[in-house]
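Given the structure is predicted, the values throughout are model-derived calculations rather than measurements. Chain letters run A, B, ... following the sequence lines, proteins first and then strands; every chain starts at 1.
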Amino acid sequence: MSKLIILVTGQVYGPASGWHALQFTQAALAAGEQIHCVFFFRNGVTQSNALVCPASDETDLLREWQKIADQYHVPLINCVSAAWRRGIMSADDAKENGRTGHNLAEPFIMGGLGELVTGIEQADRVVSF
Amino acid sequence: MKAIAIIFRQSPHGNAAGREALDLALMAATYEQQVHLIFIDEGVLNLLGNQQPELIGCKDYIATFKALDLYEVASVIVSEVSLCGFGLDKTALVYPATVADDGQIRQLLEQVDEVLVF
Amino acid sequence: MKILHHICSSPSESNALACALRFVGPKDTLLLAGNAVTAALLPHWLNAMDGYDLCLMKADVEARGLMTQLTRFRQIDYAEFVALTLTHHKVISW
């Protein structure tokens, strides 16, 4: 069993980055590989926006990430500074920054680039989308 | 400890790629990884002096390149082919990067554990 | 040393394929994904990729209706992509 870290940098709507990352993650888990975490950096943090609301006949990427996290206990980690710059905040972040709303979907968590670096250190491969 | 190469291949300021690549590079260096910065194609323009990104509402992360020695990165490589393509030479750069040909860059890509492209 | 070059954008969208081809080695694999599969329709890029181990993401080819045009190229699913990730020493996503 190998340990992989998945890096997602494309935004939730438009580019297929999130879709490709999801399919890869599912295939890796099905093959018995371990996913250390899925790390969302750059525009990838928009994948965690709970307010993204696709039409009912369209792919709901957020729902798919939630299913994977739920089924396999894969941590979904946002780069917090990339997220704040793009308007993604947890309830705690909103309080800290004096904002009235928050939109970080569960079970995404905020982390730092340090977590990506330590993840890379522990993983056998990094695959970016 | 892992050897990580971070490739800058896009122009500065048109998007956040250069800035976010630098953020990651410095964080990796702070976490005592062996970090290599590689500038290719339009990415070499990140290293030009006399930039004034604040004129177009961007943060001046270029200034940080001047201080790269403080972060103990393993190497800073700039592509000779790409520099020449833009009619530039080493004297135009804010940091004394090592000028390398594509074969040397390929060798480095083989040596490191991971390569991240921005 | 085998590197898997994962290219996700078409040659007109970005310099990803051009950069990968500058640094590709003889034992490496080029994987065209997303809009990058269209590079396999273009004589200029086909010529540049000639001689290298080349594969395309099957789902991206079929999604774009290019099965007939691209039938001669090796096409892989995500399970095979995962396997290639592990049989190569590293993946560079350009």
Does OH in A:Y13 sit with more than 12 non-hydrogen atoms of other residues, nucleotides or ligands closer than 6.0 Å?
no
Around atom CD of A:E106, are there more than 12 heavy atoms of other residues, nucleotides or ligands at under 6.0 Å?
no
Side chain proximity check, B:L24 to A:V117, heavy atoms < 4.5 angstrom:
yes
Give, for atom CG of B:N15 and atom CZ of A:R42, the distance between the pair rounded to the nearest 0.5 Å.
6.0 Å
Would you say NZ of A:K95 has more than 12 non-hydrogen atoms from neighbouring residues, nucleotides or ligands within 6.0 angstrom?
no
Using non-hydrogen atoms and a 4.5 Å limit, figure out which bit of B:Q33 sits close to chain A: side chain, backbone, both or neither.
side chain
Between A:V126 and B:E114, the two heavy atoms sitting closest are N-OE2, 3.3 Å
Counting only heavy atoms not in B:E32, do more than 12 sit closer than 6.0 Å to its CD atom?
no
For A:R86 and B:A16 the tightest heavy-atom approach is NH2-CB, 4.4 Å
A:S128 side chain reached by B:L116 side chain, heavy atoms, under 4.5 Å:
yes
More than 12 heavy atoms from other groups under 6.0 Å of CG on B:N50
no
Report which part of B:D113 has an atom under 4.5 Å of a heavy atom belonging to chain A: side chain, backbone, both, or neither.
neither
Side chain of B:K2, backbone of A:T118: donor and acceptor closer than 3.5 Å?
no
More than 12 heavy atoms of other groups within 6.0 Å of A:W19 CH2
no
Any side-chain heavy-atom pair from A:E121 and B:Y31 closer than 4.5 angstrom?
no
Distance col, row B:M27:CE vs A:C79:SG, nearest 0.5 angstrom, shows 8.0 Å
